[in-house]
Number of protein chains: 2
Amino acid sequence: MTLPASPYVVLGLIAKKPGSGYDTAAFADRSVRYFWPISRTQVYSELPRLEELGWITGTLVPQDRYPDKRVYQPTPTGLRALRDWLDVPAPRQRIQDVVLRTFFGAYMSSQRLAEQLAEYRQQAEKLRAELLAIVEHLDAKGLDHSRVLTQATARYGVLQAEATIAWTTETQALLEPPQGQAG
Amino acid sequence: MTLPASPYVVLGLIAKKPGSGYDTAAFADRSVRYFWPISRTQVYSELPRLEELGWITGTLVPQDRYPDKRVYQPTPTGLRALRDWLDVPAPRQRIQDVVLRTFFGAYMSSQRLAEQLAEYRQQAEKLRAELLAIVEHLDAKGLDHSRVLTQATARYGVLQAEATIAWTTETQALLEPPQGQAG
DNA sequence: GATTTCATGTAAGACGTTACATGATTCA
DNA sequence: TGAATCATGTAACGTCTTACATGAAATC
């Protein structure tokens, strides 16, 4: 039984900020949404599942002005499951997977995060080369209107890859042990 | 009845290069895959649907060495449906939607493509500002290990947005009517 | 007074992925 | 001779989205 990323995203959010389904969805919407969109109903459907796994526990909190809510917090088992999942690179590691791990970086080994950043940076460099080859190939064939546009889409990939390379580089620097300045 | 993007992607690929399901999946894998991944089985499942809509027609081609195949090509109705769909911005226009329209740009009005590029560029600029605000907000709160990593994920969005802005700018330039050089 | 927002969820169904299936051909 | 690839699909299933549902509070 291997879970998709979404339950771990919800688990991680609950770990960072315990709360109700509504709270967690709102939190997602101002944090991971930018690189990992997750809908409110998706959050709701993951919660019972995580509770059955024993990774979070919910407590019913009665309210006057609003419907009663169920507030969740992570269990020690849940935190371990989160860490284990974060430490292992995603099956088909995409940039979002690495960004997600960076966001939950406090729950994982810095060593592992650094490794994943390095690995993805290489992937991005390879991708960039691949796309540049496509751009040149189209140049060689001659650029009519249609090919100009096709080439533009390849250029999109190139710029994308370059942004990714720049980001992994600057993020790797953050993880490096601070260099003591000798006097 | 409103269709998702996938059937239109398959329709567009068939328009660009008529062929079998296998051919189309292979074509997708060396073109739109970079910004719009679509699986082989997904392609297969869209084909009968597109044929029922009268947007493509399939002809059985018997083969000796391999299983018989069904080769598809677009109908005039299909090409009109494709154009109509491309001309209207996606409900929640994401960058991929615009890249997709650029890829199929030969089937749509250049005017409309230019509009969508301009619109998305503005979106990206707004997003960049939003993310920069988050970066600064975290600076103001003080940067512990966890916040440094959270900030890094916001930085990812910033670099991403900047790449997008750069791409829309350079692609817009391609669509501008060539300036005649007087002299 | 009507509409929007807050706060909480449930239910249905489309979408897309992973696994299964087949048989010939080429490569090691 | 065995494994991998080509070429064609089908079937099952889980994920995720869209629509539905409720009622109080705030806003216009």
Side-chain angles (χ1 to χ4, degrees), chain A residues 1-11 13-14 17-30 32-33 36-53 56 58-72 90-92 94 96-97, chain B residues 1-11 13-14 17-30 32-33 35-53 56 58-72 90-92 94 96-97 100:
Chain A
M1 180 211 62
T2 166
L3 295 176
S6 302
Y8 290 101
V9 172
V10 174
L11 174 59
L13 290 169
I14 294 279
K17 209 182 279 277
S20 69
Y22 191 89
D23 296 336
T24 304
F27 181 31
D29 196 55
R30 62 174 190 275
V32 293
R33 191 218 10 193
W36 201 288
I38 184 167
S39 70
R40 192 175 49 85
T41 51
Q42 182 78 5
V43 171
Y44 274 118
S45 66
E46 298 299 352
L47 292 170
R49 182 194 205 166
L50 292 170
E51 198 168 15
E52 271 182 46
L53 285 165
I56 61 175
T59 346
L60 194 69
V61 176
Q63 295 186 122
D64 287 345
R65 316 166 78 84
Y66 296 113
D68 297 352
K69 64 178 173 182
R70 203 169 169 75
V71 170
Y72 297 90
R92 289 206 213 102
R94 293 158 306 160
Q96 294 96 318
D97 294 301
Chain B
M1 178 212 64
T2 167
L3 296 176
S6 301
Y8 290 101
V9 172
V10 174
L11 175 59
L13 290 169
I14 294 280
K17 209 183 278 279
S20 70
Y22 191 88
D23 297 335
T24 304
F27 181 30
D29 195 54
R30 59 175 191 276
V32 294
R33 193 222 1 201
F35 53 89
W36 201 288
I38 184 168
S39 70
R40 192 172 50 83
T41 50
Q42 182 78 7
V43 171
Y44 274 118
S45 66
E46 298 298 353
L47 292 170
R49 181 194 207 168
L50 292 171
E51 199 168 14
E52 270 182 48
L53 285 166
I56 60 176
T59 345
L60 194 69
V61 176
Q63 294 185 123
D64 287 347
R65 316 164 79 83
Y66 297 113
D68 298 350
K69 65 178 172 184
R70 203 168 170 76
V71 170
Y72 297 89
R92 289 204 213 104
R94 293 158 306 160
Q96 294 96 319
D97 294 301
L100 189 62

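In what follows, chains are A, B, ... by sequence order, proteins preceding strands, each numbered from 1.
- Under the 3.5 Å distance criterion, the side-chain polar atoms of Asp97(A) are left unmatched by any main-chain donor or acceptor of Ala90(A).
- Atom NZ of Lys69(A) and atom P of dT8(C) are 5 Å apart (whole Å).
- If you check dT8(C), dG16(C), dT8(D) against the side chain of Tyr44(B), the one that comes closest is dT8(D).
- Using modelled atom types, no side-chain atom of Asp29(A) and backbone atom of Ala26(A) make a donor-acceptor pair closer than 3.5 Å.
- Around CD of Gln63(A), the count of heavy atoms belonging to other residues, nucleotides or ligands within 6.0 Å exceeds 12.
- The CD atom of Gln42(B) sits 14 Å away from the P atom of dT10(D) (whole-angstrom rounding).
- To the nearest angstrom, P of dT15(D) lies 12 Å from OH of Tyr8(A).
- Residue Ser20(B) is in sugar-phosphate contact alone, with no base atom involved, counting any heavy-atom pair closer than 4.0 Å across all strands shown.
- Taking for each of Gly21(B) and Ser45(A) the nucleotide of DNA chain D with the nearest heavy atom, the 5'-most of the two is the partner of Gly21(B).
- Between Thr24(B) and Gly19(B), the closest heavy-atom pair is OG1-O, 4.0 Å.
- If you take CG of Asp23(A) and C1' of dT8(C), they are 11 Å apart, rounded to a whole angstrom.
- The residue among Pro48(B) and Ala5(A) whose nearest nucleotide of DNA chain D is located toward the 5' end is Pro48(B).
- Among dT15(D), dA7(D), dT8(C), the nucleotide with an atom closest to any side-chain atom of Tyr22(A) is dT8(C).
- Between the P atom of dT22(D) and the CG atom of Asp68(A) lies a distance of 18 Å, rounded to the nearest Å.
- With dT10(C), dA11(D), dC16(D) as the choices, the nucleotide that has an atom nearest any side-chain atom of Thr41(A) turns out to be dT10(C).
- Rounded to whole Å, the distance from CD on Gln63(A) to P on dG23(D) is 17 Å.
- Across dG9(D), dC16(D), dG9(C), the shortest atom-to-atom separation from the side chain of Arg40(B) is found for dG9(D).
- Proximity of a side-chain donor or acceptor of Glu51(B) to a complementary backbone N or O of Gly58(B) within less than 3.5 Å is detected.
- Protein atom CG of Leu3(A) is 18 Å distant from nucleotide atom P of dC13(D), rounded to whole Å.
- Between the base of dT18(D) and the side chain of Ser39(A) there is no donor-acceptor pair shorter than 3.5 Å.
- Listed pair Arg70(A) / dA7(C) fails the phosphate criterion, with no side-chain N or O lying under 4.0 Å from OP1 or OP2.
- The separation between Leu47(A) atom CG and dA7(C) atom C1' is 14 Å, rounded to whole Å.
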